[in-house]
Amino acid sequence: MTVNNLGKHKLLAEYKYKPAKLYRGYTSKSLYVNLSDNKIKEKEVTEMMKEKFIGGRGFGLWYLWNATTPNTRWNDPENEIIISPGPIGGITQYPGAGKSLVVTLSPNTGTVVDSNVGGYFGPLLKFSGWDALEVQGKAENDVVIFIDGNQGLVRIEEAPEEAVDSHILAEQLTELYADSEEDKRNISVVSAGTAAGNTMIGMLNFSFYDVRRKAVRLKQAGRGGIGTVLRDKKIKGIVVKFKGLKGDLNNPADFAKIAKTGVKLHKEICRLDDSQNRMRRNGTTFLAGIMNDYDLLPVHNFKYGSHPDGSQLAANNWVKMFDPGKADGCWYGCTLGCSKVVVDFELKTGPYKGQKVIVDGPEYETIAGVGSNLGIFDREYILECNFYCDTYGIDTISFGTTTAFIMECYENGIINKQITGGLELNFGNKEAVLELLHQMSRGEGFGKMAGLGIKKLKEIFIKEYGADPQFVNDIGMEAKGLEYAEYVSKESLVQQAGFGLANKGPQHDEAWLIFMDMVNNQLPTFEDKAEALHYFPMFRTWLGLVGLCKLPWNDIVPESNKDTEEPAKIIEHVQNYVDLFNAVTGKNIDIDGMIRQSEGVYQFQRVFNLRMGFGTREYDKVPYRSMGPVTVEEYESRRERYDNQLKELVGVDPEGKSTEEKIKILRKYREEQYEKITDAVYERRGWTKNGVPKLETLQKLGMDFPEVVELVKRYQ
Amino acid sequence: MYKTLIIKEELCTACGACENVCSRVYFKEENREKSAIRIENKPDGIKITACSQCGQCIDLCPVEALYRDKNGIIRIKKELCVGCFSCVGFCPEGAMFFHGDYTEPFKCTACGLCVKECPTGAIAIKG
């Protein structure tokens, strides 16, 4: 098929360029592609951009800000998808250094969203000469954008024949553009899938070629509906090809320092992983058992935090299904190697029924999202659902959380079989869940409605089906339009705010504080929590500016960490990052400087939300299900805990009170706590009481661009 | 039977002749940091580190740049190596080395040059 299909590609535009030489982590060029008029050009990456926005997510935010207006919507041609790896991205010596950051206007939230992803695309893009790729406009027919970093060639090609679903398409495009089997490692494909085009929760797959298994593997930029934007632009795939990878292509200022820092972490992982999280064997599945044990694993739409069958989802059961591998990184040199894989998995449903496929993962979020949160503890089903979400281009988190909401509504009679077209969407019904997913791919039936996501479903259920607004708003686990990631935050105020105050919506990559709060008990006081909600989002944002993964920061911990002043920070690893940044760029920042870099970009993103009509306090509200028990059976299931809290924290004797009364009192207390922590965090971040960055904060951080100042002034 | 370096630490005087010849031949300078055999004077005696050709690194390499040749020696295909140093971090003997001047790791290939230089017979080639 290879040669035939290339023949069927119609060349719409071709651009020849001289690949820029890298200097200290940057090419100082970005690639701009417009699909409406098939224009391709290069732009300078300015010193201002490097100084203030650093790279990765920062570059994405800056380009998107300039490309759009407050009136731009996600499906307008002006909306862009920006992919950027950051200055450290692409080094091969330190684990987790191949991340791409993707930024767009989100169909879920209506404002800017960022998502991070592994796979080879970002680094190969940079080594092809580009610090970022900006795609604007919409094609008439399905296209492939092809970047050849050796030839210095960018093409827009109509691609009518290839599949849309990623597990076929990524393989087809890899075959098509690789010169040989040996050359496949030099290709990476960005794609979505059929369901991405029919829903608002589409995601992007970023491929890498697994030379041992001779297979195309996929990593996901899951959050915020970016796959939906890709398909709306009629992009089938974006392909980069670059041959000649070496360990020093970033042309860093101090390669020896990078090598030394990398080897130090490799040795640490070698020495300690088996006795810590066993990431090399388990991937992120290790979390499922722990979360169940600590009553933090979402069950039945976050109603409960554990289930008697939860142990079915624990790591020891998954490991038996994984194909053992010792080099399972999603970029070279990641010895933490969490990219686990199940091979020869025979599909039992859907259009690919009977095919034996590779399933990338499952990762913890998927296990909890499409498994326990839907009351399903069947691992074969979870693999099937994981595979189809990936190939259809659907975010497993949004799919899981949305379906959990639908199931609770179904069980409460808000929707019925007539509305669902016959699907019995009770908790535990795995056949119905898979059919819902296949409907999303086909763009028909109730699946089409479900694919709108929780925010829009709530409106429909209230308006069309007479749902009680308070109930659906309480149990609909979305904030800012984004579905919740898979942690029960009820008993962790800091995680409630971690989700609620996150710039893009309730996603754990900004403030994953539940483990340090609930498992390690590292944030005992209110002040600890408020400070954590400043420091950690800033620190984690930084990783997304430079192209690094978060897992090697805290999923492996040096022996001496327990004796440090603040063990939650894992300061030795933070210092590693500072050393890497300085060694790549030749700059000389310290930890405070690193946080300052993040603060600037973080504040800018908050202002971007404001510009799009969000970004004030009312948009930091969260559904009560994320804070405490909504229903009687929910309270009763943990009555002793809640009764004790009423006595000890609220000072109310629960004796003789009905459960409804107790729910009400507890709710008042918890909502006050949330407001209190919101105030404290706003203060710490230099925001007004309404959650708007103060002018002086923006001035201090050098983010006082005229347009920003003009906008923010109105809210001071 | 693989060709390997046999080590008799009790005979070693830590004169460093092996390190010098190794780095001189392979990196054109006398610098023990660039030697594929390392001698350390430890409180409990002298420690000699060089690859035993166990081959555990082969599966760790993400690009399949490590392989065992027909003589049983573990070798590095430099054209495939991307310089990640995973093999350096995970070598059970600490016998895969790196140096900041180079993007690929290096190791003992049991060439035997150091054996010829050793004045005490502390190292020998087997196989």
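Each chain gets a letter, A, B and so on, in the order the sequences are listed, and its residues count up from 1. Remember, it's a predicted structure, so these values are computed and weren't measured experimentally.
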CG of A:L245 to OG1 of B:T103: how many Å apart, nearest 0.5 Å? 10.0 Å

CZ of B:F90 to CG of A:D273: how many Å apart, nearest 0.5 Å? 7.0 Å

Given heavy-atom pairs under 4.5 angstrom as the criterion, report whether the side chain, backbone, both or neither of A:E182 touches chain B. side chain

Please classify the contact between B:C91 and chain A as side chain, backbone, both or neither, with a heavy-atom cut-off of under 4.5 Å. neither

Of the non-hydrogen atoms in A:K246 and B:E104, which two are nearest, and what is the gap between them? NZ-OE2, 2.8 Å

Where B:L60 and A:K326 come nearest, the two heavy atoms and their spacing: CD2-O, 3.8 Å

Considering all heavy atoms of both residues, which atom of A:G333 and which atom of B:P62 are nearest to each other, and what is their separation? N-CG, 4.4 Å

Do other residues, nucleotides or ligands put more than 12 heavy atoms under 6.0 Å from the OH atom of B:Y67? yes

Has B:S86 got a side-chain atom pairing as donor or acceptor with A:T335's backbone, closer than 3.5 angstrom? no

Counting only non-hydrogen atoms closer than 4.5 Å, does A:R212 touch chain B with its backbone (N, CA, C, O), its side chain (CB onward), both, or neither? both

Here the gap from B:M96 atom CE to A:H266 atom NE2, rounded to the nearest 0.5 Å, amounts to 12.0 Å

On a heavy-atom basis, the closest approach of A:T92 and B:G83 is OG1-O, 3.3 Å

Options A:G325, A:G329, A:G262, A:A256, ranked by heavy-atom pairs under 4.5 Å with chain B, top entry: A:A256

Can you tell which part of A:I269 gets under 4.5 Å to a heavy atom of chain B, answering side chain, backbone, both or neither? both

Identify the heavy atoms of B:D59 and A:A327 that sit nearest to each other, and give their distance. O-CB, 4.0 Å

Looking at B:D101, B:L80, B:V82, which has the largest count of heavy-atom pairs under 4.5 Å with chain A? B:V82

Mind checking the NZ-NE2 spacing from A:K260 to B:H99? Nearest 0.5 Å is all I need. 11.0 Å

Within 6.0 angstrom of A:R281 CZ, more than 12 heavy atoms from elsewhere: no

Take atom NZ of A:K257 as the centre, draw a 6.0 Å sphere, and report whether it contains more than 12 heavy atoms from other residues, nucleotides or ligands. no

Can you tell me how far apart OH (A:Y332) and SG (B:C81) are? Round to the nearest 0.5 Å. 11.5 Å

Which heavy-atom pair separates B:V88 from A:V263 by the least distance, and what is that distance? CG1-CG1, 3.8 Å

